[in-house]
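First up is the structure itself, then whatever we jot down about it.
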Amino acid sequence: MERSNHTVTEFVLLGFTTDSVMQLVLFTVFLCVYSVTVVGNTTLVVLICNDSWLHTPMYFFIWNLSFLDLWYSSVYTPKILVTCISEDKSISFAGCASQFFFSAGLAYSECYLLAVMAYDRYVAISKPLLYIQSMSRKLCICLVVYSYTAGFVNAIILTSNTFTMDFCGDNIIDDFFCDVPPLVKLACDVKDSYQAMLYFLLASNVITPAVLILASYLFIIAAILRIHFTQGGLKAFSTCSSRLISVTLYCGSILYIYSRPSSSYSLERDKMVSTFYTVLFPMLNPMIYSLRNEDVKEALKKFFSLTQSGV
């Protein structure tokens, strides 16, 4: 049946399920995940700001990652929670475009920032005596500014190309947020140039940072293997391995969703995969990157002791 073509003013987000009991279960799960995400990332932001011992390049980047993840998770989870408990599952055209823009911008920015953090660890381990000079404060700020700038400039390109497409009569998005696959399904005609643009953005914003991350951690592991496996070397190897696995899953899930031709999109399967990089990854980052570090543990003890003495 040919769908009629008209101006879409709002979309309807179906979410994960229409079953009322499962919606309550999912509401509870996502609320818990979001609470842990907010508490974990906010704790790191506060600790790094307040403790002078954490004013190093590594923790400067971790502070920015925690700030980004707070923002990133807030793009999705509040709307998911509302969709689970509210009968009104609509989102305006402008609201959908805004969510889409910030989703893309923050996801791209995080890929660049993770690449910067991998390079920072490479410099710290391969050139420890020159680390502070090599990773100057000016360079660190420039790298973070570049990460955000590159991410959001490319998000503008993606958003403008997506929301200038003609959407047909059906305005129901079979997903929990405004994303490329369900919007492409609603478009009347997806040009080859749009698919080419998607591949270009993936190559420049996901694949290139992923390759740089992989190269950095491979050089780090090689540097560790060249030295004796002391306790410090084993700890560094364990830390790099966990970070590499985490980044591989993050970039891999994004590539899985967006690297396929639009004709092969499977929205039900894609929902489960996209949950990882949109909701779970921001919760896991504090545990992977810092909450296991001795410096952070000491800063946390110091913070609580000062709080208790103040009370």
Side-chain angles (χ1 to χ4, degrees), residues 1 3 8-41 69-104 106-107 110 159 162-163 165 167-187 190 198 246 249-285:
M1 182 181 295
R3 295 181 293 182
V8 174
T9 58
E10 68 174 15
F11 295 98
V12 177
L13 295 170
L14 290 185
F16 292 93
T17 179
T18 56
D19 183 82
S20 57
V21 176
M22 280 303 300
Q23 285 180 343
L24 288 176
V25 172
L26 290 173
F27 175 84
T28 304
V29 171
F30 282 112
L31 181 60
C32 291
V33 170
Y34 187 55
S35 299
V36 173
T37 301
V38 171
V39 170
N41 286 290
D69 281 338
L70 276 172
W71 189 5
Y72 190 34
S73 60
S74 297
V75 170
Y76 308 102
T77 316
K79 187 61 181 177
I80 294 174
L81 296 175
V82 171
T83 304
C84 286
I85 61 173
S86 174
E87 293 183 2
D88 182 13
K89 303 181 187 299
S90 64
I91 182 171
S92 67
F93 187 90
C96 186
S98 298
Q99 186 188 57
F100 185 94
F101 168 72
F102 285 110
S103 169
L106 292 169
E110 182 141 347
T159 305
T162 301
F163 284 86
M165 290 192 298
F167 296 102
C168 299
D170 192 0
N171 68 336
I172 298 175
I173 293 179
D174 188 10
D175 210 331
F176 60 91
F177 72 108
C178 294
D179 198 13
V180 169
L183 288 170
V184 166
K185 290 284 188 182
L186 299 182
V190 180
L198 280 181
S246 171
L249 291 173
Y250 177 72
C251 295
S253 60
I254 294 177
L255 287 173
Y256 172 80
I257 296 291
Y258 304 108
S259 62
R260 293 168 296 150
S262 58
S263 58
S264 64
Y265 287 150
S266 175
L267 299 184
E268 284 298 325
R269 186 174 61 236
D270 291 352
K271 279 188 220 178
M272 305 306 298
V273 176
S274 57
T275 302
F276 177 79
Y277 71 85
T278 57
V279 178
L280 295 180
F281 195 75
M283 179 188 69
L284 297 174
N285 272 343

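One-based numbering along the sequence shown. Just the heavy atoms: all of them, side chains too, but no hydrogens, waters or symmetry mates, feed the values below.
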ring-ring contact (aromatic ring centres under 6.0 Å, His included) evaluation trace for Phe30 with Phe16 = CA-CA 12 Å; Phe30 282 112; Phe16 292 93; 5.3 Å; yes

query = Do Met165 and Leu186 pass the side-chain contact (heavy atoms from CB on, under 4.5 Å) test, and can you show the C-alpha distance, the side-chain angles, and the key distance before you say yes or no?
reply = CA-CA 10 Å; Met165 290 192 298; Leu186 299 182; over 6 Å; no

query = Stepwise, does the ring-ring contact (aromatic ring centres under 6.0 Å, His included) test hold for Phe101 with Phe163?
reply = CA-CA 10 Å; Phe101 168 72; Phe163 284 86; over 10 Å; no

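The closest donor-acceptor contact from the side chain of Asn41 to the backbone of Pro282 lies under 3.5 Å. Between the Ser86 side chain and the Thr83 main chain, no donor and acceptor come within less than 3.5 Å of each other. With hydrogens and angles ignored, the 3.5 Å screen pairs a side-chain donor or acceptor of Lys271 with a backbone N or O of Gly15.
The OG atom of Ser103 sits 6.0 Å away from the OH atom of Tyr277 when rounded to the nearest 0.5 Å. Rounded to the nearest 0.5 Å, atoms CG (Asp88) and CG (Leu13) are 10.0 Å apart. The SG atom of Cys84 sits 7.5 Å away from the CZ atom of Phe27 when rounded to the nearest 0.5 Å. Atom NZ in Lys79 sits 9.5 Å away from atom NZ in Lys89 (nearest 0.5 Å).
Qualifying ring pair (Phe, Tyr, Trp, His ring centres under 6.0 Å) partners for Tyr76, counting only residues two or more places apart in sequence or in other chains: Tyr72, Phe177.
Counting only residues at least two apart or in different chains, side chain to side chain donor-acceptor pair (under 3.5 Å) contacts with residues 17-34 comprise Tyr34-Ser74.
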